Every structure is written in structure tokens, then in C-alpha cells.
There are 2 protein chains.
Amino acid sequence: MSARRKVDMMAKQESDGTQRSGLADGARPTLKTIAFMTGLGVTTVSRALKDAPDIGEETKKRVKLIARQVGYRPNRAGVRLRTGKTNVISLVLNTDEQLMGFISDIISGVSEELADSPYHLILTPVSGHNDPMDPVRYVVETQSADGIIISQIEPNDARVRYLVEHGFPFATHGRTHMGIEHPWHDFDNHAFARQAVHALAKAGRRRLALLAPTPRLTYYRHMSDGFAEGLIETDAAELPFRDAWVDMPIEEIKAQALKLMRRPTPPDGIVCGSGAGAFALVSALEECGLRLGEDIDIVTKQSSRLVQMFRPRLLAVNEDFRRAGRELAKAVKASIAGADPTTLQTLYVPETVERVGQPPRPEFQGP
Amino acid sequence: MSARRKVDMMAKQESDGTQRSGLADGARPTLKTIAFMTGLGVTTVSRALKDAPDIGEETKKRVKLIARQVGYRPNRAGVRLRTGKTNVISLVLNTDEQLMGFISDIISGVSEELADSPYHLILTPVSGHNDPMDPVRYVVETQSADGIIISQIEPNDARVRYLVEHGFPFATHGRTHMGIEHPWHDFDNHAFARQAVHALAKAGRRRLALLAPTPRLTYYRHMSDGFAEGLIETDAAELPFRDAWVDMPIEEIKAQALKLMRRPTPPDGIVCGSGAGAFALVSALEECGLRLGEDIDIVTKQSSRLVQMFRPRLLAVNEDFRRAGRELAKAVKASIAGADPTTLQTLYVPETVERVGQPPRPEFQGP
DNA sequence: GGCTCATACTGTAACGTTACAGTTGGATTG
DNA sequence: CAATCCAACTGTAACGTTACAGTATGAGCC
């Protein structure tokens, strides 16, 4: 640029007074501020910061330098109003659940993945007695986010249908069976249940029960299929345990588990679909005088470190919710960027079953 | 309004074509849409929806009716750009913590309180190795929220000082000791620890240990003072337990607890500052062959329903994080509204210590 | 009949950004 | 040497909202 023009600009701006210069004392710097300081136009500054091809290299450097010096950050409301891009991702959470720390792990994972991105994370709560469709509709209708993450997925999920129909970017924690391709992340509950049965069979267990999720949810089928498959392969017997599921309040799980264990022939092995459920089961069996690791074995998911504190031996596989959060965040970001949904589907296959916790009977006696 | 003027307006608008009418097919209705439909000016519609005093009752009714019919929702970006009000509350969370479900309970409480308000909840993560000041500065500097909720409060907390100095609305989960009045909600850890000691003394326990939080945090002092006070009142002895605190990873708490319990004279009672910590303690003492409720008693906080699943008898008081979330949300909202901070300080005093869990030895033997 | 006054409305400008359609000045071309 | 082209910049308008400073209308008053 010519020196002359620059000086002209400076003079013109100065005559306008500080009010219009965008340099008002404590206020946040805007594009105008930088435009004034560099003697460039607002548009040029905007484009320079975006590395537009029609801006000179020198100019870009200068603009970026000043932008950094004054601590310029684009005004989100301005961008949002102009472009419609919110730079927000909404995570829909059921706020009634009191299931251990797994929600905070998902949140941590999502935050982690979003940390170096322009995205803010907003929480959109659903309460169990409301239509799970409400928050989704709200976000889409008010365009309060660029993408959305939902969980508790059903095989035929109205929310997924709605989001696909509206072309709204999203990712689900769990799969559907609707013949619609969409971004998802899931834990392989089929593999989990099958491996669990094998592990129990290897420990000599023959009468197995499954604490499954609500039949309403997709992964109910995955888990019960895996369980059934394991039973056939190991020739073990199933003890129906259909009055309890992992999504119930933990006290109710325990109550149902007590009934199960007080049957004439109680199970000698249980596959437990959630870490929290395992607490209820262990509590119940202790109350019945059954000894974990001796009379009965339990396989569960090590969804929290708390599971490691189980005193008797417990069998567990690791379900990493933090990782799930990261995967989900990645998937929505890519979905927003317009990626093919079939490339945004990840299945986390659990590692083999391990024993956690300490030995069933203390070797060491206190002083 | 005169019929004539209305007709004029309609005619004028119609000649403008649909493009400018704000009635473009699937698009979100704006003030312009309603202005067109009612034949009023955009300003009038805006003011009518706000119940401004200079708008006629008839007009208000008509505008509101149409607004409801077309499903009008103010565009947040527009409002934010114009007024500076974000209608967002930021909750700062440490995303390293893996402490049980208490984070999700706080989130639920906050969401609950914000449900019928215009506020959205955004999560601003801090990682433990970053300066806790960073997210606070970010929110204030970029004005990305109208108010902020922080936790893990220290007696002399730089964040609180910063927020007060900048006149930025906030609420803290925990108190400070800086001689600065600000909105807070806190659990009475002094009362908790004192009551806990009394409960242990009543059960005949004489050698007591305290699993306290990091000394850095304000409530460390509250808890240890309450503990000390209880000791004096009950004439019990303290067994120092200073290498562990409730904020450590649960495995480390357990490791430290093992050392404590393997001392020549182990404690016969422990006051445990967190529900998660209790899992580690119980795990440790079982590993040492100590029997909970017989050789030793533990008092903890029933911060999660999981604590109820403790097989042996455990003493616990209820710490309601959901309620804490609600209180904090209320406090920020009031702080934003400009309320006197001294009226926004609530202390949750725990109820008396209760036994939870089932009896120590099973009365019932399985079949 | 002119005056004031209150009521009920109005248009304009601005918040900060970006898409778009220019404009300028110099170099390259036929 | 005029025509063309390109690089590097520019201003204007618009997104949806609200603050502000009006304006038109009719009533009430002297």
C-alpha cells in the first residue's frame, strides 16, 4: 500500500475523534480497532485474519501482529448474526440419571476434544418425564448450536429421523436400526456380554443371569444377543432376570437382585450391564450371605475407578466414557464440516475381561 | 390505530415483494415477520412483546397472539450484539476430577434452576495443570456469559478478587476468607466434621482420623476445625492422617489408608470428607482384615446413592449437590440482577449422622 | 381556532461481522 | 499506446435486535 493513502486514513480517522476510532479505553478491540491502527479497511482486516488469498503477505503479517498485541477476539454475536454459525455444540443430557460419574466423563471427553476449537459446549437438559424430542427440536428450531450430541438411543429413534430430515449435524452415543446412516459412537455391548459369559463359563459358572438395560434402548438387543450367543457357545443356562435393568434407581436394582438371589436355585454368575448396577448386585448378594468370587461371580463394566475399590474379586472390562466423549465430539465436528456419515461411525470393542479389586479373603491380618 | 394507515402499510410492504417481507417460507420468524403480519413497525412489535408502557393494550394482545402463532423466538445473536446481554451462564468445571457423580448432580441442579429462564448453560473446562484463572479471565474478557459459577474455592482466591474487581456477576461453591462479600453456597463442613466425631464417640470410638481435602481449599480449615472441636468436646484422640486428602486419585487414597491402618495402633474411627473417599477407605480396611462397624467405624458424606450400597454399616450425612447446583444458579441469577451479595450467601447445614447400608453380618443364609 | 399535551406509534442508527460488488494503480499485452 | 488484466485493497449492505429521537393523531383547554 502507498504511504500516502495510509497517512490520509490516519488523518481522516483522527479528525473523527476517539469515539469512532474503536479505541475507546477499556473496551474490547474489534475489527475497527485494528483497521484504525493499521490504516486499513475493516474488510481487509477481516480477510487478512482469515488468510484470504487476495490480501498481501506483508499486510497479513502486520494485521495479525497487531491483532495479537491488542488481544483481538472475534465477537461471537457478530459472527453468529452475520453467518448463522454459532460455534456451539449442544450436549443433550438426561438430568435425572444419577448413574455414577459417567456423565462427567463424557463431558470431560467432549470438552477435551473441543478445547482447541472455536466451539463452546452448551448443555441442554432433558428431564425423564419430558419428550426427549423437545430439546432436539429446540436446538434445531432456534439454531442455538451447529451440532448436537444425543444419547439413550432407541432402535427407531425419532430424534435421529428428525435430525437427518432437517440436515442438522449430530452424533449419537449408541446406534439405531432404521436403515439410516448417521454419525455414531458405541461401545460393543454384544462383544462385552459374549466375552462376559465366556469368562464366567471359564470360572465354572453354569447358571447365568443378565442385568440388561431397558428394552427400549438399542443396546438392550446388542447386549442380550451377545449374552445369548455366549450361552450357546458355552452351553450355560440362563436364569431370566427381567424385572430389573441398569437404568433403574439403584435401590430398585438391589431389591430385584435380592429376589433373584433368594430363588431356590440362584445364579452363580451375573453379567452386569453397568458399573453402578454392580454395586447394587454386590450389596444384594452380601445381604444374602453369598460370597463374591466363591459362590458367585459378577462381570461388569469398569466405567469408574470406583469399581476398582470392590473388595472381593470382580470381573470387569473397561468402558472408557471419556474416550466416548472425545469420539462423539470428533464426529459432530466432522458432521458439521459435512463429512460422509458412514465415515463417522466408531465402535469401541472392549478388551478382555479382567479381575479387579483385591483377593476375596485377606491374606494379611491387622496387628 | 387507524384502518387507513394499516392498509397503507400493507400496500407498501406488498409492493416490496416477499423477499423483504420476512415471510420467506421455512425461515425462522423475526420481528420483521410479525411487523409485516400486523402492519406495525418493527420497533412497535419489539416493544409490544416487552410490555412497554407506550404501546396500546389492543396492539400488545394482537402482537403477542401472532408471535405465538408463528412461533417467534428472539434471535439470541441479535439481542446479544445489540444489548451485550448473552443470556448465558458459565459453569467452570475441572475436567480431571473423576469423583463420583457429584459433578452431574451439580449440573442437574443448575439446569433445573435455569430451565424456565432465558439462560443457557455453557461449560467452561479447566484442566488441573492449567491456571484456574484462565477460564474466568476468558469468560470476562470475551463476555461470553452474563455470570459464572466457580468451585474449588481457596481462602484467598484470585478468581474471586478478579471477578469482584471487574464487577462481573458470579457465585462460588465454597467460601473465601478475604474480607470481600460475594455470593456463595457452601456445605457446612465444620458442622459435618464435628457431628461426625460426636457420632463416632457415641459408638465408643476413641482414636480418630480425618480424611480432609487439600489444605489449599477453604473447606479444609472448616473441616479440620470442626474435627478438632469435636475431639475436644468428646475427649477423643487424633491420629494424624495428613498424607491423603479427598481430592487425590482414589487409588492413592487407598494406598495411604493402608499405611494408616497398618500402624501399630490403627484408628478405630475415621471421618471421611467425601463419598468417593469412603470407597477407598472401606476397600483398604477390608484388605487389612478390619471389619467395618466392628473394629472401626467410618462417617462419610452420602453424596451419591452408591454410598447406600455399602454392605457393612457406614455412618453418613447427606450432602445434596443437586440442591447446591440450584442454590448456585439462583445466586448467579440474582447477582446478574444486581442483588446485594450479602443476601446471596447460603450455608447448607447437614442433618444428623445416620447409619446407612445393611447390617455387618448377614442374618440370612442363602439356600 | 390555535394551543398544549398525552398516547401510540414510527424510522434511523448502531452493535461486529462478512458477502459482494466494486475501485485503484501498476504491470502486461497486442 | 491504449486495452486488458491482476493484485490488493475498499465501501456498502445486511444479519435481528433495541435505544433514541422523533411524528401523527386526537383530546382537552383557553
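Each chain gets a letter, A, B and so on, in the order its sequence line appears, and its residues count up from 1. Atoms considered below: every heavy atom in the structure, side chains included; atoms not considered: hydrogens, waters and symmetry mates. Since this is a predicted model, take the numbers as computed values, not measurements.
The listed nucleotides are D/dT18, D/dT10, C/dC9; the one nearest the side chain of B/Val42 is D/dT18. You'll find that the side chain of A/Ile55 is closest to D/dC9, out of C/dC9, D/dT18, D/dC9. In the set C/dC15, D/dT17, C/dC9, the nucleotide with an atom closest to the side chain of A/Lys32 is C/dC15. In this structure, the nucleotide among C/dT18, C/dC9, D/dT18 sitting nearest to the side chain of A/Leu31 is C/dT18.
When rounded to the nearest whole Å, the span between CD of A/Glu58 and C1' of D/dC9 equals 15 Å. Here the C1' atom of nucleotide D/dC9 and the CZ atom of A/Arg62 are 12 Å apart, to the nearest Å. The distance between atom CD of A/Glu57 and atom P of D/dC9, rounded to the nearest whole Å, is 10 Å. Look at CD on A/Gln143: it is 12 Å from C1' on D/dG16, rounded to the nearest Å. B/Arg47 places its CZ atom 21 Å from the P atom of D/dG16, with the value rounded to the nearest Å. In this structure, CZ of B/Arg73 is placed 16 Å from C1' of D/dG16, rounded to the nearest angstrom. C/dA21 atom P lies 14 Å from atom CG of A/Asp54, rounded to whole Å. Computed from coordinates, the A/Leu40 CG to C/dT17 P distance equals 15 Å when rounded to whole Å.
Nearer the 5' end of DNA chain D, as judged by each residue's closest nucleotide, is the contact made by A/Lys60, out of A/Lys60 and B/Ser46.
Within the structure, ring pair (Phe, Tyr, Trp, His ring centres under 6.0 Å) pairs that include any residue of residues 131-150 of chain B comprise A/His120-B/Tyr138 (at least two apart or interchain).
Checking the phosphate oxygens (OP1, OP2) of C/dA8, no side-chain nitrogen or oxygen of B/Thr59 falls inside 4.0 Å.
Judged purely by atom type and a 3.5 angstrom limit, A/Gln345 uses its side chain to pair as donor or acceptor with the backbone of A/His182.
In this structure A/Tyr119 satisfies the side chain to side chain donor-acceptor pair (under 3.5 Å) test together with A/Lys85, sequence neighbours excluded.
When each of A/Phe170, A/Tyr162, A/Phe168 is paired with A/His166, the ring pair (Phe, Tyr, Trp, His ring centres under 6.0 Å) condition holds for A/Tyr162 and for no other. With B/Glu113 as the fixed residue, the salt bridge (Lys or Arg N to Asp or Glu O under 4.0 Å) test singles out one of B/Arg323, B/Lys333, B/Arg322: B/Lys333.
Residue contacts for A/Asn75: at a heavy-atom cut-off of 4.0 Å it reaches the sugar-phosphate backbone alone, with no base atom in range.
Comment: B/Glu154 does not engage B/Arg159 in a salt bridge, judged by the lack of any side-chain N to carboxylate O separation of less than 4.0 angstrom. Taking a cutoff of 4.0 Å between a charged side-chain nitrogen and a carboxylate oxygen, B/Lys64 and B/Asp51 qualify as a salt bridge.
Contact annotation: side chain of B/Thr43 to base of C/dG11, donor-acceptor pair present below 3.5 Å.
Interface residues of residues 76-87 of chain B facing DNA chain C, ordered by number: B/Leu81, B/Arg82; criterion, heavy-atom separation under 4.0 Å.
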